[in-house]
Every structure is written in structure tokens, then in C-alpha cells.
Amino acid sequence: MRKNIVAGNWKMNKTLQEGLALAQELNDALKGKSVNCDVVIGTPFIHLASVAQAIDTDKIGVAAENCADKAEGAYTGEVSAKMVASTGAKYVILGHSERRAYYGETSEILTDKVNLALENGLTPIFCIGEVKEEREAGKHFEVVEEQIKSALFGLSSEDFAKLVLAYEPVWAIGTGLTATSDQAEEIHAHIRGFIAGKYGEEIAENCTILYGGSCNAGNAKDLFSRPNVDGGLIGGASLAVDKFMPIIEAF
Ligand code: PEP
């Protein structure tokens, strides 16, 4: 079934102590509250195990922000999907535009990461989205289609059904510019239709598609009210509980 999810992406922020304090504060804020979405926090690798132990992981899922494209071995500095899963994390953010742009992550690499994540029981939160020039040239539909097709369409239906997608227009990430809810709805519906063309209506209908890009307390309600927007991937506003909670409560 399609889930509503609000997921934070801390990126490269917070020391271990600061991250633990933030996770515990969010855990306390959610205690005794019933919310209408699943809540996830994406943290740097160093936080995963401590955060997973410090919070109620039935209420807050923990996500890594990346994993290696290799299973194990002599890959100094890398962290495997199996290692991520051993911390208690249940999700992994893959294909974020910052990793594509700064670390050269290609669709080929991302396919390997997705497969390893799935083999280790992690739910990939797979990011797609166009840059400003592509949007201005009216190419955003074909860009996201190509990102999905090249990295994900080799998956079986059973595996594809385990993914969460996050549409994140690169021009909206960390810029304060947000896609309008009309723009988000239009492309989310398009993405769902594209998935239906390959995997059928049922899998497409059940696929959670998050919006990411300067989502905040002021715009979350409008974005989440649209039928094809199933929640958000939240960067900056996930770094403080008083900014993140209103987004969770927008559902
Ligand atoms: C992100 O990096 O996934 C993101 C959506 O960031 P921000 O909310 O800060 O735009």
C-alpha cells in the first residue's frame, strides 16, 4: 500500500552528540502523538547505530544517506549496505543529486547500490530530478524518465515495489525555491504514469513518491494535499525539531 512519509536528510551536518540530541528531541516530540505519516531521519553513517538505539524505531525509521556499490572487501572508507542494515537502519537514500553531481554517481553505480540495499533488507529512497536548465528547456519529464529507466527498470516487479521515490528538482534543493504544488503534482503524476507503463497500474498506484526541495512548514500542507505527492524528503528543515515537526503534522 502507498505510504505517506516525511523523511529528513541531515546531509553532512551534526556531530555525533548534536545528532543524538536532535534524534532524541524528535523522539520525545513524537511520543504519545499519532501522526498520519511514517517518519524517517536520514543521518550520516557515524550516527546510525547510536541514533537507532536511542529512539523508538517503530515510530521513527532511520536512513543512511548512501551506501557502497560493492558488497564488501578492500574499499577503504566505504560503508556497505550490509553494514548499514546491521546498525538498525531500515532505509538508505540513494541517487541524491549532490552525490550524482559531486561524487560522479551514474545510473550504473546506482543500480548496484539499489540491488545491494534490497538484498540487505533496506528500503531505498531513490532520488531523481532535473537541473534548472533542463526545467527551463521543458526537458524535466524526459530527464526523470531516463533516470528511472536507466537505474531502476532492470528490477523485477517485486523489487521495484519495495522502493520509495523522491522527486527533487535540483533547482529547488537548498535554494529556498520550491516547486509549486501544481508543478509537483504534474510531474509526480507523470512519474506514476511512467511506472505504470513498465510495471502496471497496481505497482504504480502503490509507489510512494516524495517531493524534495525547500519543503518547509509553510508549503508542506499545500504540497502534501496533492493526490500524487506522498510526502517529503526534507533537508534544511529537518535539522531542527521545531521546523521538522510542523512538516510531519502537515499530514
Ligand atoms: C534534500 O537535500 O534532499 C533537500 C530536499 O534539501 P532542502 O530541503 O534543504 O532543499
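The residues of the chain are indexed from 1 along the displayed sequence. In listed order, ligands and their atoms are each counted from 1. Just so you know, these numbers use all the heavy atoms, side chains as well, and skip hydrogens, waters and symmetry mates.
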Under a 3.5 Å cutoff, is there a donor and acceptor pairing between the side chains of Arg192 and Asn228? yes
Gly174 heavy atoms within 4.0 Å reach ligand 1 at atoms 7 (P), 9 (O), 10 (O)
Do Arg226 and Asp182 meet the salt-bridge criterion of a basic N to acidic O distance under 4.0 Å? yes
Is Glu205 salt-bridged to Arg2, cutoff N-O under 4.0 Å? yes
For atom 2 (O) of ligand 1, the closest protein heavy atom turns out to be Lys11 NZ, 2.5 Å
Applying side chain to side chain contact (heavy atoms under 4.5 Å, CB included) between Glu168 and each of Leu210, Ile173, Ile128, report the one that passes. Ile173
I want to know if ligand 1 touches Ile234 in the polar sense, i.e. an N/O pair below 3.5 angstrom. no
Answer with yes or no after comparing the ring centroid distance for Phe153 and Phe194 against a 6.0 Å cut-off, counting only values under it. yes
Residue, atom and distance of the protein heavy atom nearest atom 9 (O) of ligand 1 read Gly236 N, 2.8 Å
Atom 1 (C) of ligand 1: closest protein heavy atom, distance to 0.1 Å, is His96 NE2, 3.2 Å
Need the ligand 1 atom indices (1-based, order shown) with element for anything under 4.0 Å from a heavy-atom of Asn9. 1 (C), 2 (O), 3 (O)
Test applied, side chain to side chain donor-acceptor pair (under 3.5 Å); reference residue, Glu130; option that passes from Arg135, His140, Gln147: Arg135
Below 3.5 angstrom, do we get any N/O pair linking Gly212 and ligand 1? no
Cys127 near ligand 1 by a heavy-atom separation under 4.0 Å: no
Just wondering, do Phe224 and Asn4 contact through their side chains at under 4.5 Å, heavy atoms? no
Atom indices of ligand 1, in the order listed, that fall short of 4.0 Å to a heavy atom of Leu233: 3 (O), 5 (C)
Does an N or O from Thr175, backbone or side chain, lie closer than 3.5 Å to an N or O of ligand 1? no
Atom 5 (C) of ligand 1 has as its nearest protein heavy atom Glu168 OE2, 3.1 Å
I'd like to know whether ligand 1 has Ala237 as a neighbour, heavy-atom separation below 4.0 Å. no
Compute whether any side-chain donor of one residue and acceptor of the other, for His96 and Glu105, lie under 3.5 angstrom apart. no
Only heavy atoms count here, so choose which of Ala172, Gly235, Ser214 is nearest to atom 4 (C) of ligand 1. Gly235
